[in-house]
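Computed from a prediction, not measured in an experiment: that's the story for all the values here. Basis for what follows: all heavy atoms, side chains included, without hydrogens, waters or symmetry-related copies.
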Amino acid sequence: MSKMKVRFAPSPTGPFHIGGARSALFNWLLARREGGTFLLRIEDTDLVRSTRESEENIKAALKWLGMDWDEGIDVGGDNGPYRQTERLDIYKEVTDRLIAEGKAYYCYCTEEELEAERQAQLARGETPKYNGHCRHLTEEQRAAYEAEGRKPTVRLRVPLNETVAFDDMVRGHVSFESNGIGDFVIVKSDGIPVYNYAVVIDDHTMEVTHVIRAEEHLSNTPRQIVIYNALGWEVPTFGHISLIMGKDGKKMSKRHGATSVEQYKNLGYLPEAINNFLALMGWAPEGEQELFTTEELIKNFSMDRVAKNPAVFDIDKLNWINFNYMKKLTDEELYTLCLPSLQEAGYASAQPDEAEKARLTMLCVCLKDHISYGAQIKEEAAMFFTDSISIDEEHRDDIKAVLAEESCPTVLAAFSDKLKAMDEVTPEQVKAAIKAIMKETKLKGKFVFMPIRVAITGQMHGPDLNYIVPLLGRDTVLARLASVDTLA
């Protein structure tokens, strides 16, 4: 058997969809596990919708996700070009061969004639398919149509009374009857090949051995196999992975949240977390493990554990996975991830100097356990960029109870004194001050840090107090401690 080669062949007609990223990932993981080749080509025969901007978006997203390709666009290889619009002469050569062998023919039927026949078939309760009108045209009939100025399409002569069958890597044995397919168009009247035709020629000439793609392509497969058979080419192994659904059971769309890879990148998700999440959508690893490094995914991934059932896009699961990946970041990496969101909120300058960077890094570390992705820091950081205290109304009675504790005035006065005496307000100094107050007053921890937290934030819960105080600053904290009566 020849070395495994898989391909990812997106159409550059918009931002790179998260579903496309999952298809790419399954191909990439399989290639890396089997020591095969991962190929990237661009299917841009939709001339109206395809753009180079979308192509660049796809390539940038794949690179961000760490899915490097061994052959294809930008990388090169022995089987180029890797853009379909640059392969038209290759398609024409194959088409000329099919016509010469009588396996394809010119069709002069107009759109109007085809639609009229389609409606008639529907009226008779039949499944619409081409009626073979141009299947056996004489040279005279062809010449007459040409004289009318009709531009022909090219149709494949589909064999009658045959079963088209294949063994799918995910769905098992699948079969279709050729009589239900009908002679279909392989080249449009403008000379551009249709998707099902171009993809077969590309996959064969690029020596692709395994085609792994979304379930929506399953109905295309019998047509593609008929083309392979007409050309006498070996049919690759197919695997059709399930669609991605929202929690409501409907196909993934904008109403379920962000749909493009670029959106998740801009929201401050980590590429390793996205890959981990996408791998678990439709693939069931052995055991209970849910967090995988890229190396572990490559080692464990297999198509025989890919489910037929629709995969559910669970944003809470993605956030949990990303949260766990964020916990492993260094302080510098966390700062880099969150900075764009802080800048967007107006909490950071365009080019932070060392002092600002130090404060923002502390802010990120302070909020690390309270955010699941970078953009969430905007909401959590708001308390450090406002002069007023926002009272947690849900816990107002609890806040009053804390401030009514007999020891509260003593604790706040002691903390105020220690804060004034600090040479520099740092997390370490704040921690030491709280410990000293506990020792001096013989009070348990919560009777010391809860009054301080409530007095300076108006909240019962939140980030580490050792960081809150330096981030708010000495003057702000002292002012809030002095005016604590206004909270009650």
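For the residue pair N300 and W283, no side-chain donor N or O sits within less than 3.5 Å of a side-chain acceptor on the partner. Judged purely by distance below 3.5 Å, without hydrogens or angles, the side chains of D202 and Y197 never pair a donor atom with an acceptor atom. Side chains of D74 and Y82: a donor-acceptor N/O pair is absent below 3.5 angstrom, by distance only. Q224 and N196 are linked by a side-chain donor-acceptor pair at a separation below 3.5 angstrom, with hydrogens and angles left out of the test. Between the side chains of E71 and N79, a donor-acceptor pair is found at a separation under 3.5 Å. Checked by atom type, the side-chain pair S349/E356 shows a donor-acceptor distance below 3.5 Å. When only modelled atom types and interatomic distance are considered, T37 and D70 share no side-chain donor-acceptor pair under 3.5 Å. In summary, the side chains of T163 and E177 do present a donor paired with an acceptor at a separation below 3.5 Å, with no hydrogens or angles considered.
Using a 4.0 Å cut-off between charged nitrogen and carboxylate oxygen, D96 and K92 count as a salt-bridge pair. Look at E113 and R150 and you find a salt bridge, because one of the NZ, NE, NH1 or NH2 atoms lies within 4.0 Å of a carboxylate O, short of that distance. With respect to the salt-bridge test (charged N to carboxylate O, under 4.0 angstrom), the residues D46 and R49 qualify. Ion pairing between a basic and an acidic side chain is recognised when a charged N comes within 4.0 Å of a carboxylate O; R97 and E93 show no such pairing. Remark: E34 does not engage K3 in a salt bridge, criterion side-chain N to carboxylate O under 4.0 Å. At a threshold of 4.0 Å, the pair E55-R52 counts as salt-bridged, since one of the basic side-chain nitrogens sits closer than that to a carboxylate oxygen. With respect to E146 and K151, no salt bridge is recorded, no charged nitrogen being found less than 4.0 Å from a carboxylate O.
Relative to the ring axis of Y106, R157 does not place its NZ or CZ within 45° and under 6.0 Å from the centre. Both the sub-6.0 Å distance and the 45° axial angle are satisfied by K328 relative to the ring of Y325. Because its NZ or CZ atom is both nearer than 6.0 Å to the ring centre of F184 and within 45° of the ring axis, R223 counts as a cation-pi partner of that residue.
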Trace of the salt bridge (charged side-chain N to carboxylate O under 4.0 Å, His left out) decision for D316 with K247: CA-CA 11 Å; D316 295 326; K247 278 187 172 180; 3.2 Å; yes

Test side chain to side chain donor-acceptor pair (under 3.5 Å) on S260 and Q263 and set out the steps. CA-CA 5 Å; S260 76; Q263 284 175 295; 3.2 Å; yes

Steps toward salt bridge (charged side-chain N to carboxylate O under 4.0 Å, His left out) verdict (R32, D68): CA-CA 10 Å; R32 293 292 169 261; D68 54 326; 3.6 Å; yes

Test salt bridge (charged side-chain N to carboxylate O under 4.0 Å, His left out) on E290 and K317; report intermediate values, then the result. CA-CA 10 Å; E290 290 192 291; K317 180 73 168 283; 2.9 Å; yes

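In this structure the side chain of W320 reaches within 4.5 angstrom of the side chain of N324, judged on heavy atoms. Between V199 and R7, some side-chain heavy-atom pair lies under the 4.5 Å cut-off. Side-chain contact between Q119 and L122 is present, with heavy atoms from C-beta onward closer than 4.5 Å. Side-chain contact between Y91 and I186: absent, with no pair of heavy atoms (C-beta onward) separated by less than 4.5 Å.
Under a 3.5 Å cut-off, the side chain of E56 and the backbone N or O of E53 do not form any donor-acceptor pair.
Closest heavy-atom contact between K103 and L156: O-CD1, 3.5 Å. Of all the heavy atoms in C366 and H370, the pair that sits closest is O-CD2, 4.0 Å.
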